[in-house]
Student: 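Okay, here's the structure, questions in a sec.
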Amino acid sequence: MSETASSKYLVTGGAGYVGGVAAAHLLEAGHEVVVLDDLTTGFREGLPRGASFVHGRIQDAARYLDPSFDAVLHFAASSQVGESVANPGKYWDNNVGGTLALLTAMRAAGVGKLVFSSTAATYGDPGQGALTETSATAPTNPYGASKLAVDHMIAGECAAHGLAAVSLRYFNVAGAYGELGERHDPETHLIPLVLQVALGQRESVSVFGEDYPTPDGTCVRDYIHVADLARAHLCALRVATPGEHLVCNLGNGGGFTVREVIETVRKVTGREIPEIVAPRRPGDPAVLVASTRTARERLGWTPTRSDLTGMVTDAWNFARRNASS
Ligand code: UDP
């Protein structure tokens, strides 16, 4: 997995969960990493050891970018579906406005390569099949719409100015890597929430809807280990081609229902997990599962930690360490 020459990368959002793990992989491969993060949702402790840190906003990227950077990995974003429905303006401002500023700054500094954190939420509510990159994009919430708008912006930048870019459409990220794991405040994601119940920090978990057209009526999501996801970014940096915008789904190609996830947490932790059935969460598609074909063929990437029990075990170990520290 190592690249031959050492390169210098700007990692926006590198104090967050996925950005931090990807930055750690870059550092381990011998590269220089500068993290740009405003710490609104990231944590200083989320910074991987060895990364330089700039406390700032992507809107001000022009201040921090210069021609010494080989590429930008752009993770910084507002990323909660529910919040985006309640406060869409924040998503257009941070995700679209922020990325526009970043792209402009990259062009001005002559930094010609980008790996962008896109999302399965760009596809909307696709029905039951695995999603390919040519599946229709019809986001059901402003979060997905803002990420899709950014994908369009990047495509234009590639065509007009020769940017080399890869948009990685993440499905549901899980697990932990070394000291780095999933932590949001407030927490909205399923696995860390269920783990909070296991730790006694929360009384129960709400199951958002049990009347979906799925095997047990709860939503199906494709969970991918954060270390597998991080590795894909290094592959993307290698294959990015000037003038091309490559879009690539990243998942395992299979899914689990909300109830299967809760059951897995019960097995891994041995704790009781009371659950309460709640109404559907606005903007939630019933099933989101990735086709992994493009990732395998174009990135030369295959997931190696597909087992849900393994992902939950890593997340549990991280949550326990964090709860006791
Ligand atoms: N979910 C749930 N209860 C919760 C949080 C999430 O039932 O307290 C469901 C949510 O409706 C979705 C799935 O779990 O179907 C995964 O949600 P999450 O927010 O983790 O990720 P998303 O799929 O929105 O990116």
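Order of listing sets the numbers, starting from 1, for every ligand and every atom in it.
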Student: Of all residues at least two apart in sequence or in a different chain, which pass the side chain to side chain contact (heavy atoms under 4.5 Å, CB included) check with Ser206?
Tutor: Phe208, Ala278

Student: Which residue and atom name correspond to the protein heavy atom nearest atom 1 (N) of ligand 1, and how close is it?
Tutor: Phe208 CD1, 3.6 Å

Student: For atom 24 (O) of ligand 1, find the nearest protein heavy atom and state the residue, atom name and distance (0.1 Å precision).
Tutor: Arg281 NH2, 2.7 Å

Student: Per the salt bridge (charged side-chain N to carboxylate O under 4.0 Å, His left out) rule, what does the pair list look like for residues 38-53, sequence neighbours excluded?
Tutor: Glu45-Arg183

Student: At a 4.0 Å threshold, what atoms of ligand 1 neighbour a non-hydrogen atom of His189?
Tutor: 18 (P), 19 (O), 20 (O), 21 (O)

Student: Considering only non-hydrogen protein atoms, determine which one is nearest to atom 21 (O) of ligand 1 and report residue, atom name and distance to 0.1 Å.
Tutor: Asn172 ND2, 3.1 Å

Student: Quick one about His25 and Glu28 (side-chain donor to acceptor, distance below 3.5 Å, no hydrogens or angles considered), yes or no?
Tutor: no

Student: Students should be able to answer this: which protein heavy-atom is nearest to atom 11 (O) of ligand 1, and at what distance?
Tutor: Asp284 OD2, 2.5 Å

Student: Measure from atom 9 (C) of ligand 1 to every heavy atom in Val277, Ile191, Val258 and give the option owning the shortest one.
Tutor: Val258

Student: Write out the residue and atom name of the closest protein heavy atom to atom 20 (O) of ligand 1, then the distance separating them to 0.1 Å.
Tutor: Leu190 N, 2.8 Å

Student: List ligand 1 atoms under 4.0 Å from Val207, heavy atoms only on the residue side.
Tutor: 7 (O)

Student: Can you list the ligand 1 atoms lying under 4.0 Å from a non-hydrogen atom of Thr188?
Tutor: 5 (C), 19 (O)

Student: Are a donor atom and an acceptor atom from the side chains of Thr294 and Arg298 found within less than 3.5 Å of each other?
Tutor: no

Student: Please determine, by modelled atom types, if Glu83 and Tyr91 share a side-chain donor-acceptor pair under 3.5 angstrom.
Tutor: yes

Student: Are Ser68 and Lys8 linked by a side-chain donor-acceptor pair shorter than 3.5 Å?
Tutor: yes

Student: For the ring pair His233 and Tyr170, is the centre-to-centre distance below 6.0 Å?
Tutor: yes

Student: Which residue holds the protein heavy atom closest to atom 3 (N) of ligand 1, what is that atom called, and what is the gap in Å?
Tutor: Ser206 O, 2.6 Å

Student: Please determine if Arg221 forms a cation-pi arrangement with Phe256, meaning its NZ or CZ atom is less than 6.0 Å from the six-membered ring centre and no more than 45° off the ring axis.
Tutor: no

Student: Report the part of Arg221 in contact with ligand 1, treating N, CA, C, O as backbone and CB onward as side chain, heavy atoms under 4.0 Å; options are side chain, backbone, both, neither.
Tutor: side chain

Student: Starting from atom 8 (O) of ligand 1, find the nearest protein heavy-atom neighbour and note its residue, name and distance.
Tutor: Leu193 CD1, 3.2 Å

Student: Give the residue and atom name of whichever protein heavy atom lies nearest to atom 15 (O) of ligand 1, and the separation in Å to one decimal.
Tutor: Cys219 CB, 3.0 Å

Student: For the hydrophobic clusters of this structure (ILVMFWY residues joined by side-chain heavy atoms under 4.5 Å, transitively), does one cluster hold both Phe75 and Val115?
Tutor: yes

